[in-house]
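Worksheet: the structure to be examined is printed underneath.
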Amino acid sequence: MEAFFDSWLARLDHLRSDLLHAFTHRPDRIPQAVDAVLSHYRDYRDAKARLADSDVLRALTHPWLTPFERIFLWVAGWKPSIAFRLLLGHRFLSPDQHAAFEVLRREVQLEEHRISEDMASAQEAMAGHLVLEAVRADLYANGSAWAAAADEVSRALRTVIDAAEELREATLRWLVETLTAAQMAEFLAAAVELRIRVRRWGLRRNGGQSN
């Protein structure tokens, strides 16, 4: 995943350049540039989903990121409400867009709160009945108890991660449906720039190492 992420981020930076070029010089190419960035984000989501199938804890903790980058994680990814903070920094929204923006922002925050509570419950499951029973038992003699406990925790965590991914996807769909192509290009350019800067800051703080 480390090699994949480094390659993915380098490609993301290239796509950002294409996006800015289209925004400034070739407005007719903005939709294609926007689609390319969104498709690239989906590639990362799909890679994380494959990882979660085999190692849900690794997918949740993102060890390929620097400690600084991991500060910004929310349930194995970016927090959807960050999108609204980025949009607040721009004055290109129409009154109707502002109204829709506020409605969705409140809905997303409520859903984030629900998912965060589910994550807390999933983490508590790590100390639940099955886990405690497995720890109390002789692990060599009672491997099935430990396997059952680990499976229960993994299922709970994967369910929460999937819910968070669905919320991230829903937020992006709303943006695509509500913003014009040029507005979406400006938003994505700002989002990608923030992502790349956080990566650079993290590497600088960590002496150039990702973990």
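Residues take their numbers from the sequence shown, with the count starting at 1.
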- Is a side-chain N or O of S116 found less than 3.5 angstrom from the main chain of E112, in a donor-acceptor match? yes
- Task: Indicate yes or no for a side-chain donor-acceptor contact from R70 to the backbone of L65 under 3.5 Å, with no hydrogens or angles considered.
- Result: yes
Restricting to non-hydrogen atoms, name the atom on [X] and the atom on [Y] that form the minimum distance, rounded to 0.1 Å.
X: A182; Y: F23; answer: O-CE1, 3.5 Å
X: T178; Y: Q183; answer: O-OE1, 4.5 Å
X: P80; Y: T171; answer: CB-OG1, 3.5 Å
X: A181; Y: I30; answer: O-CG2, 3.3 Å
X: V34; Y: M184; answer: CG1-CG, 3.8 Å

- Before giving the answer on side-chain contact (heavy atoms from CB on, under 4.5 Å), spell out for R168 and W74 the whole-Å C-alpha distance, their side-chain angles and the decisive distance to 0.1 Å. CA-CA 11 Å; R168 284 186 274 266; W74 175 80; 3.6 Å; yes
Just how far is it from atom [atom1] of [X] to atom [atom2] of [Y], taken to the nearest 0.5 Å?
X: W8; Y: D43; atom1: CH2; atom2: CG; result: 9.0 Å
X: I115; Y: S121; atom1: CD1; atom2: OG; result: 12.5 Å
X: D35; Y: H40; atom1: CG; atom2: NE2; result: 14.5 Å
X: L167; Y: R114; atom1: CG; atom2: CZ; result: 8.5 Å
X: F5; Y: Y44; atom1: CZ; atom2: OH; result: 5.0 Å
X: L104; Y: E111; atom1: CG; atom2: CD; result: 11.0 Å

Just so I know, are the side chains of [X] and [Y] near enough to count as touching, which here means a heavy-atom distance under 4.5 Å?
X: L38; Y: R42; answer: yes
X: L157; Y: M119; answer: yes
X: V192; Y: Y41; answer: yes
X: L179; Y: Q97; answer: yes

Check side-chain hydrogen bond (donor to acceptor under 3.5 Å, both in side chains) between [X] and all other residues, then give those that pass, not counting sequence neighbours.
X: R45; answer: E169
X: W78; answer: none
X: R173; answer: none

Are [X] and [Y] connected in the hydrophobic side-chain network, where two residues link if heavy atoms are under 4.5 Å apart?
X: I71; Y: V75; result: yes
X: V160; Y: L57; result: yes
X: V103; Y: V108; result: no

With a 3.5 Å cut-off and sequence neighbours excluded, list the donor-acceptor pairs that the side chains of residues 46-53 form with protein atoms.
unit_1: K48; atom_1: NZ; unit_2: A76; atom_2: O; d: 2.7
unit_1: K48; atom_1: NZ; unit_2: E165; atom_2: OE2; d: 3.4
unit_1: D53; atom_1: OD1; unit_2: R158; atom_2: NH1; d: 2.5
unit_1: D53; atom_1: OD1; unit_2: R158; atom_2: NH2; d: 3.2

- Of R199, R205, R197, which meets salt bridge (charged side-chain N to carboxylate O under 4.0 Å, His left out) against E69? R199
- Kindly determine whether D18 and Q32 satisfy side-chain contact (heavy atoms from CB on, under 4.5 Å), including the steps that lead there. CA-CA 10 Å; D18 291 346; Q32 294 93 326; over 6 Å; no
- Message: What I want to check is whether the side chains of W201 and T66 have a donor and an acceptor closer together than 3.5 Å.
- Response: no
- Item | Residue pair E117 / H113, side-chain donor-acceptor N/O under 3.5 Å | yes
- Task: Step through the shown structure and confirm whether more than 12 heavy atoms of other residues, nucleotides or ligands are within 6.0 Å of CZ on R58.
- Result: yes
- Task: Please list, chain by chain and in numerical order, all residues satisfying side chain to side chain contact (heavy atoms under 4.5 Å, CB included) with A189, sequence neighbours excluded.
- Result: L19, L20
- Note on the structure: Residues passing the side chain to side chain contact (heavy atoms under 4.5 Å, CB included) test with A99, sequence neighbours excluded, are none
- NZ or CZ of R105 within 45° of F84 ring axis and under 6.0 Å: no
